Amino acid sequence: EVTGQDVALRLDLDPYFRLSGTMHGAPVAALSQAPPFERSVSRFVTAVRAGDPAAVFCAPDDALRTLAVAAAAEEALASGQTVAVPDV
């Protein structure tokens, strides 16, 4: 769950991969057509085969920052404390 000014979102993972909540007063509802990991790997393989770097959703720098956020979130969950996301 993520909350902020004008936004409250909940991401339910396996088995539904559903996003719900509100953003700027409007409802948000999305359901994944396939498990996200499988879609990501498939899209990456397709991009490599096509030799098309632009077809990859997440560049390596973005992936590293995403991993840093996920690791900080996991640490915060385990410790019950606020955890800063390190600069990467």
Side-chain angles (χ1 to χ4, degrees):
E1 293 183 11
V2 175
T3 57
Q5 187 173 351
D6 297 325
V7 64
L9 298 172
R10 175 186 175 100
L11 178 61
D12 295 306
L13 298 177
D14 197 16
Y16 302 110
F17 303 102
R18 177 179 32 219
L19 178 67
S20 60
T22 60
M23 182 178 292
H24 304 294
V28 173
L31 184 63
S32 181
Q33 299 296 317
F37 182 75
E38 290 178 19
R39 288 187 349 190
S40 294
V41 170
S42 177
R43 185 172 179 96
F44 178 78
V45 169
T46 299
V48 169
R49 286 183 177 150
D52 184 7
V56 176
F57 278 145
C58 189
D61 287 347
D62 291 334
L64 182 59
R65 287 190 290 274
T66 300
L67 180 58
V69 169
E74 188 171 306
E75 183 180 339
L77 182 61
S79 69
Q81 302 295 314
T82 299
V83 175
V85 177
D87 290 331
V88 291

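All values reported here derive from a predicted model rather than from experimental measurement. In this chain, numbering begins with 1 at the start of the sequence shown. The basis for the numbers below is simple: all heavy atoms, side chains too, and nothing from hydrogens, waters or symmetry mates.
- Residues Val56 and Leu64 do not share a hydrophobic cluster, defined by chaining ILVMFWY side chains whose heavy atoms lie under 4.5 Å apart.
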Report the C-alpha separation of Arg65 and Val69 in whole Å, then their side-chain angles, then the decisive distance to 0.1 Å, and conclude whether the side chain to side chain contact (heavy atoms under 4.5 Å, CB included) test is met. CA-CA 6 Å; Arg65 287 190 290 274; Val69 169; 5.7 Å; no
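- In this structure, the side chains of Leu19 and Val28 come closer than 4.5 Å at one or more pairs of heavy atoms.
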For residues 30-43, which side-chain N or O atoms pair as donor and acceptor with protein atoms under 3.5 Å away, sequence neighbours left out?
{"from": "Ser32", "atom 1": "OG", "to": "Ala34", "atom 2": "N", "distance (Å)": "3.3"}
{"from": "Ser32", "atom 1": "OG", "to": "Ala34", "atom 2": "O", "distance (Å)": "2.4"}
{"from": "Ser32", "atom 1": "OG", "to": "Arg39", "atom 2": "NH1", "distance (Å)": "3.4"}
{"from": "Ser40", "atom 1": "OG", "to": "Pro36", "atom 2": "O", "distance (Å)": "3.1"}
{"from": "Arg43", "atom 1": "NE", "to": "Ala55", "atom 2": "O", "distance (Å)": "2.7"}
{"from": "Arg43", "atom 1": "NH2", "to": "Ala55", "atom 2": "O", "distance (Å)": "3.3"}

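- Ala72 and Val83 get closest at one heavy-atom pair: O-CB, 3.7 Å.
- Atoms CD and OG1, on Gln5 and Thr3 in that order, are 11.5 Å from each other to the nearest 0.5 Å.
- Distance check, rounded to the nearest 0.5 Å: CG of Asp62 to CG of Leu67 gives 12.5 Å.
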